[in-house]
Amino acid sequence: MNDVRLTAWVRGHVQGVGFRWWVRARALELGLAGAATNLADGRVEVVAEGPRDRCERLLGLLRGGETPGRVEAVVERWTNSGGSYSGFVER
């Protein structure tokens, strides 16, 4: 199975509440590589690479209502994995 890249932009009250740390912990539990980055407009960009089913599970968690803060919306984009990540980092 080929790996994919999920890029998700998360809008809501998601900065300064431990959201990126929470995303990193969930991604590592799922065996995904990538990053969670605060954006200047208040969103968090989540990039995750790995098997599609695991990326879909992470996306479900982002939308699931059990996150720190308050997620109002998640916009997603699927592409081929770039293979440029090692581990999962917060930025």
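Applying the salt bridge (Lys or Arg N to Asp or Glu O under 4.0 Å) rule to pairs touching residues 9-25 yields Arg11-Glu72, sequence neighbours excluded. Pairs passing the salt bridge (Lys or Arg N to Asp or Glu O under 4.0 Å) check and including a residue from residues 75-91, sequence neighbours excluded, read Arg63-Glu76.
Note that the CZ atom of Arg54 and the CD atom of Glu29 stand 12.0 Å from one another [nearest 0.5 Å].
In this structure the side chain of Val46 never reaches within 4.5 angstrom of the side chain of Val74, judged on heavy atoms. Between Trp22 and Arg26 there is a side-chain heavy-atom pair separated by less than 4.5 Å. Within the 4.5 Å cutoff, no side-chain heavy atoms of Asn80 are placed close to those of Asn2.
Under the 4.5 angstrom side-chain criterion for Ile, Leu, Val, Met, Phe, Trp and Tyr, the cluster partners of Trp9 are Leu39, Val75.
Judged as a side chain to side chain donor-acceptor pair (under 3.5 Å), and not counting sequence neighbours, the contacts of Arg43 are Asp41. With sequence neighbours left out, Glu45 forms a salt bridge (Lys or Arg N to Asp or Glu O under 4.0 Å) with no residue at all. With sequence neighbours excluded, the residues that form a side-chain contact (heavy atoms from CB on, under 4.5 Å) with Glu56 are Arg52, Trp78.
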Anything under 3.5 Å between a donor and an acceptor, one on a side chain of residues 81-89, the other on a protein residue two or more places apart or in another chain? List them.
residue	atom	partner	partner atom	Å
Ser81	OG	Glu49	OE1	3.3
Ser81	OG	Gly83	N	3.2
Ser84	OG	Arg5	NH2	3.2

- Message: Under the criterion side-chain contact (heavy atoms from CB on, under 4.5 Å), I'd like the reasoning laid out for Val14 against Thr67: C-alpha separation, chi angles, the key distance, then a yes or no.
- Response: CA-CA 9 Å; Val14 290; Thr67 66; 5.7 Å; no
